[in-house]
Protein chains: 2
Amino acid sequence: MLGDEDPMRLPPGRARLSDVARLAGVSAKTVSRVITGHHNVSPSTRERVLEAAQRLRFRPNHLARDLRQGGVSRTVAFVMGDLKNPFYSHVAAGIERFLAEHGLTMVLAATGDDPAQEARVVGAMLERRVHSLLLVPIAGDQSYLAGEQQLGTPVICIDRPAHNLAADSVVFANRAGAAEAVQSLLAHGHRRIAFIGSAMYTHDERLAGYRQALLEAGVAAVPQWERQDAVTAADAERVVRELLAGPVTPTAILAGNNRVSTGVLRALRDVPQQVAFIGFDDFDLADTLGVTVVTHDPERMGREAVSLAIARSSDLYGPPLQTVIPTQLVLRGSGEVPPDPASLVR
Amino acid sequence: MLGDEDPMRLPPGRARLSDVARLAGVSAKTVSRVITGHHNVSPSTRERVLEAAQRLRFRPNHLARDLRQGGVSRTVAFVMGDLKNPFYSHVAAGIERFLAEHGLTMVLAATGDDPAQEARVVGAMLERRVHSLLLVPIAGDQSYLAGEQQLGTPVICIDRPAHNLAADSVVFANRAGAAEAVQSLLAHGHRRIAFIGSAMYTHDERLAGYRQALLEAGVAAVPQWERQDAVTAADAERVVRELLAGPVTPTAILAGNNRVSTGVLRALRDVPQQVAFIGFDDFDLADTLGVTVVTHDPERMGREAVSLAIARSSDLYGPPLQTVIPTQLVLRGSGEVPPDPASLVR
DNA sequence: GTGAAAGCGCTAACAC
DNA sequence: GTGTTAGCGCTTTCAC
C-alpha cells in the first residue's frame with residue numbers, strides 16, 4: 001500500500017529524532033528528554049526509546065541542538081602559532097583533556113605565527129560560534145575582539161596578554177623564573193652572565209627578571225650581553241659565537257626559550273671554554289644531557305585557560321582576570337659549573 | 001511609535017542575516033547570495049549589502065548553514081592518542097594546514113591511547129556531524145564504523161590500518177625503512193643486530209623489515225634480540241641493559257620509535273662498549289647528538305590523509321585506498337660505528 | 001537579478 | 001510523565 005512504511009526497516013539516510021519517536025511510538029520531545037538525560041520520563045518509555053534509538057543507530061545532531069540552544073556550540077577554539085612547536089601542542093593537550101571532562105570539544109587553528117593571519121583565523125572560529133576563544137595573541141592589536149566579548153564570547157589570552165583589549169589571560173611567572181635562574185648562576189660565582197632571546201612579551205619579561213636579579217646582586221649590566229635578536233636556533237648559535245669571540249666573554253648564559261637553547265647548545269659544543277648554561281623551557285633529552293632549565297607546565301596553562309573561559313561565560317562583564325603560573329628551576333648540572341678561569345683572562 | 005525601530009542602531013545580540021537584509025533593504029536570500037559569493041547579484045546591491053553587514057558586524061552562523069546544507073559540517077575530526085606525542089602533533093599540524101587551504105576546520109580529540117576510549121571519543125565527533133573522520137586506530141576493532149561510512153562519512157586511518165573495516169589508510173613504508181637501516185648496519189660490518197620495540201602494527205612491520213634484511217644477508221636471526229616488550233623509554237633502557245649484560249651481546253641496535261630511542265640512548269651513555277645505533281623517528285637534537293635515524297614526514301601523513309578524505313567524499317563506495325609514504329635513512333654517525341671488538345669477545 | 005515560503009534537526013515554552 | 005507548537009539562522013526550492 002502507498003504510504004505504508006515498515007518502521008522496522010532502516011531508513012536510507014541518518015536516523016533523526018523523529019524517526020526514533022515514530023518507532024518508539026512517542027513524541028519527539030520525549031525522545032529528546034531521554035537522549036539528553038532528563039528525568040521526567042518513565043522507565044518503561046525510556047527503555048523503549050533507547051531500544052528504538054539503538055536499532056536505528058541514532059546519533060543526535062549536535063549542530064541542530066547547538067543552533068536551537070542559542071547558536072553557541074559546545075566547542076572551544078584554540079588559536080595558536082604552530083602545532084609543531086611542542087609548547088603549543090602541550091598547551092593544546094591540556095586544553096583538550098580539560099574540555100573533554102566538561103563535555104566540550106576543541107577546534108584548533110594555526111596562525112603560523114603570522115600577525116596578518118590572526119584576525120582571519122579567529123574570524124573563521126567565531127563563525128563557527130565557538131563557546132569561547134583561547135588565543136595566543138600574535139597580532140599587535142586585539143581590539144577587534146571587543147565586540148565579540150560584548151556579544152558573549154569569552155576571550156582568553158594564553159602565554160601573553162592582549163593588546164588594547166581587556167581580556168583574561170594566563171601567563172607564566174617569567175620575571176620570577178628568570179630571576180631565580182640568574183640568582184642560581186650568581187650563587188655559583190658567575191658575574192658575567194648573558195641573556196639570549198628575542199623581542200617578544202615573554203622574553204621581555206624574562207630579560208626584566210634577569211636585570212632585576214643582577215641589580216639586586218649589585219652586578220653591573222652589560223648591554224652587549226642583553227641580546228634580543230635571536231629568534232631561531234641558528235640565530236642563537238651565531239649570537240653565542242659572537243659573544244664568545246668578544247674581548248670580554250660571559251661565563252654563563254641564560255636562554256630565552258627552547259629554540260634558543262638548541263642553538264646555544266650547538267654553539268657551546270664546539271667551544272673550548274666551559275660556559276655555564278640555563279635554558280628557559282624544558283626539552284627532550286635535557287635531562288639526559290644534564291641541562292639545567294627553568295621549566296613550567298604548558299598543560300596546566302591550557303587547563304587554567306579553560307577554567308577562565310568557563311568562569312567568564314557565567315560572568316561576562318566582570319573585571320579581567322590574570323592567572324600566573326609559577327616556574328621551576330630544575331638543576332641538572334649545566335647551570336652549576338663554576339666560572340671558567342680560561343674565559344676570565346682573555 | 002510602537003514597532004518603529006531604528007535600523008541604524010545595533011541590535012542587542014548578534015546580527016542575523018535578516019538584520020542585514022532589513023538594513024540593506026533587500027531580502028534574506030540576496031544577503032545570503034552576497035555572503036556566499038554567488039554572482040547573481042548586481043554590483044550596487046552587493047555594495048549595499050556588504051556595507052550593512054559591516055555596520056552590523058555580521059558574522060554568518062556556520063552552525064545554521066551546515067544544518068541547512070544537510071547536517072554535514074565543514075569540520076574534519078582528527079582522533080589520535082595524545083597531542084603531547086610529537087608524532088601526533090606534527091600529523092595534526094599537517095592536517096590543520098591542508099584543511100585550512102580547503103576552508104575546512106579541524107576538531108581534535110584524544111583517546112589517551114586507551115582502546116576503551118576510542119568509540120566514545122569517535123562518537124562525540126560523529127555527533128558533531130564531521131565531514132570526515134581521521135583516526136589513529138587504537139581499539140582492536142573498528143567494525144562499529146561501517147555504518148558511518150555507509151551514511152557518507154569518510155573514515156581514514158592514520159599510521160596503521162583499521163581492524164575489521166574496509167577503510168582508506170595512510171602508512172609509512174615501515175618494512176622498507178627498517179630493512180634499509182639494517183642493511184646500512186650490515187654494510188658497516190655488523191652481524192649482531194638487535195631490534196627493540198613494542199607489540200603494535202608499526203613495530204611489527206619494522207621488525208618484519210629487520211628480519212627480511214637479515215635473511216637476505218644470510219644472517220641468522222637471534223630471537224632474544226627481537227624485543228617487542230619496550231613500550232616506554234624506561235622499558236627500553238632496561239631492555240638494553242639486559243641485552244648488554246648477556247653472554248653474547250649485540251654490536252648494533254635498531255629502535256622501533258623515538259620513545260624507545262630515548263631509553264636506548266640513556267642506557268648506552270653509561271656503557272663502556274661502543275654500540276652502533278639507529279632510531280626510527282627523528283627527534284630534537286638527534287642531529288646535534290649525531291644519531292642516525294630513519295625519518296619520515298608526519299606532516300605529509302596528515303596532508304595525505306586529508307587528500308584521501310576529500311577524494312573519498314566524492315566516491316563513497318569505491319574500493320579502499322592505501323597511501324604509503326616512503327622513509328629516509330639519515331646518516332649522522334651513530335649507525336656508522338664499526339662493531340666494537342670489546343663486545344665481540346665476552 | 002531578486003523574493004517568498006518552506007524546512008534542515010533539534011529543543012524551549014507551554015500545554016494537558 | 002508526555003505531547004504540541006514554534007522557531008534557532010540559514011539555504012533551498014521555485015516563483016517572478
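Proteins come first, then strands; the chains are lettered A, B, ... in the order of their sequence lines, and each starts at number 1. Bear in mind the structure is a predicted one, so any value in this text is a computation, not a measurement.
Judged by distance alone with a 3.5 Å cut-off, a donor-acceptor contact links the side chain of R33(A) to the base of dG3(D). The base of dG9(D) is not paired with the side chain of R65(B) by any donor and acceptor separated by under 3.5 Å.
Put simply, CG on N61(B) is 14 Å from C1' on dG7(D), counting in whole angstrom units. The CG atom of D66(B) sits 12 Å away from the C1' atom of dG9(D) (whole-angstrom rounding). Between the CG atom of L56(A) and the C1' atom of dG9(C) there is a distance of 15 Å, rounded to whole Å. Taking atom CG of L63(A) as the reference point, atom P of dG9(D) lies 14 Å away to the nearest angstrom. In this entry the distance linking NE2 of H38(B) with P of dG3(C) reads 16 Å, nearest Å. Distance, R14(A) CZ to dG9(C) C1': 13 Å, rounded to whole Å. In this structure, L17(B) places its CG atom 19 Å from P of dC8(C), rounding to the nearest Å. Rounding to whole angstrom units, CZ of residue R68(B) and P of dC10(D) are separated by 13 Å.
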Given R312(B) and S132(B), is the side-chain hydrogen bond (donor to acceptor under 3.5 Å, both in side chains) satisfied, shown in steps? CA-CA 9 Å; R312(B) 177 58 64 205; S132(B) 43; over 6 Å; no
Could you go through T153(B) and R14(A), starting from their C-alpha distance and side-chain angles, then the distance that decides it, and tell me whether this counts as side-chain hydrogen bond (donor to acceptor under 3.5 Å, both in side chains)? CA-CA 11 Å; T153(B) 307; R14(A) 254 174 217 290; 2.9 Å; yes
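One finds a side-chain N or O of S32(B) lying less than 4.0 angstrom from the OP1 or OP2 phosphate oxygen of dT11(D). In this model, the phosphate group of dT2(C) is approached by a side-chain N or O of S42(B) to a distance below 4.0 Å at OP1 or OP2. Regarding contacts with the backbone of dG9(C), a side-chain N or O of R16(A) is found under 4.0 angstrom from either OP1 or OP2. The phosphate of dG3(D) has OP1 or OP2 within less than 4.0 Å of a side-chain N or O from T30(A). Regarding contacts with the backbone of dT2(D), a side-chain N or O of T45(A) is found under 4.0 angstrom from either OP1 or OP2.
The side chain to side chain contact (heavy atoms under 4.5 Å, CB included) with F58(A) is formed by just one residue from the set L50(A), D19(A), L17(A), V49(A); it is L17(A).
Position along DNA chain C of the nearest nucleotide to Q69(B) versus A28(A) favours Q69(B) as the more 5'-ward residue. Residue K29(A) is the one, among K29(A) and S18(B), whose nearest nucleotide of DNA chain D lies closer to the 5' end (criterion: closest heavy atom).
Taking a cutoff of 4.0 Å between a charged side-chain nitrogen and a carboxylate oxygen, E127(A) and R65(B) do not qualify as a salt bridge. Electrostatic pairing of E299(B) and R97(B) does not count as a salt bridge here, judged by no charged N lying under 4.0 Å from a carboxylate O.
The residue N40(B) sits close to a base: some heavy atom pair falls under 4.0 Å.
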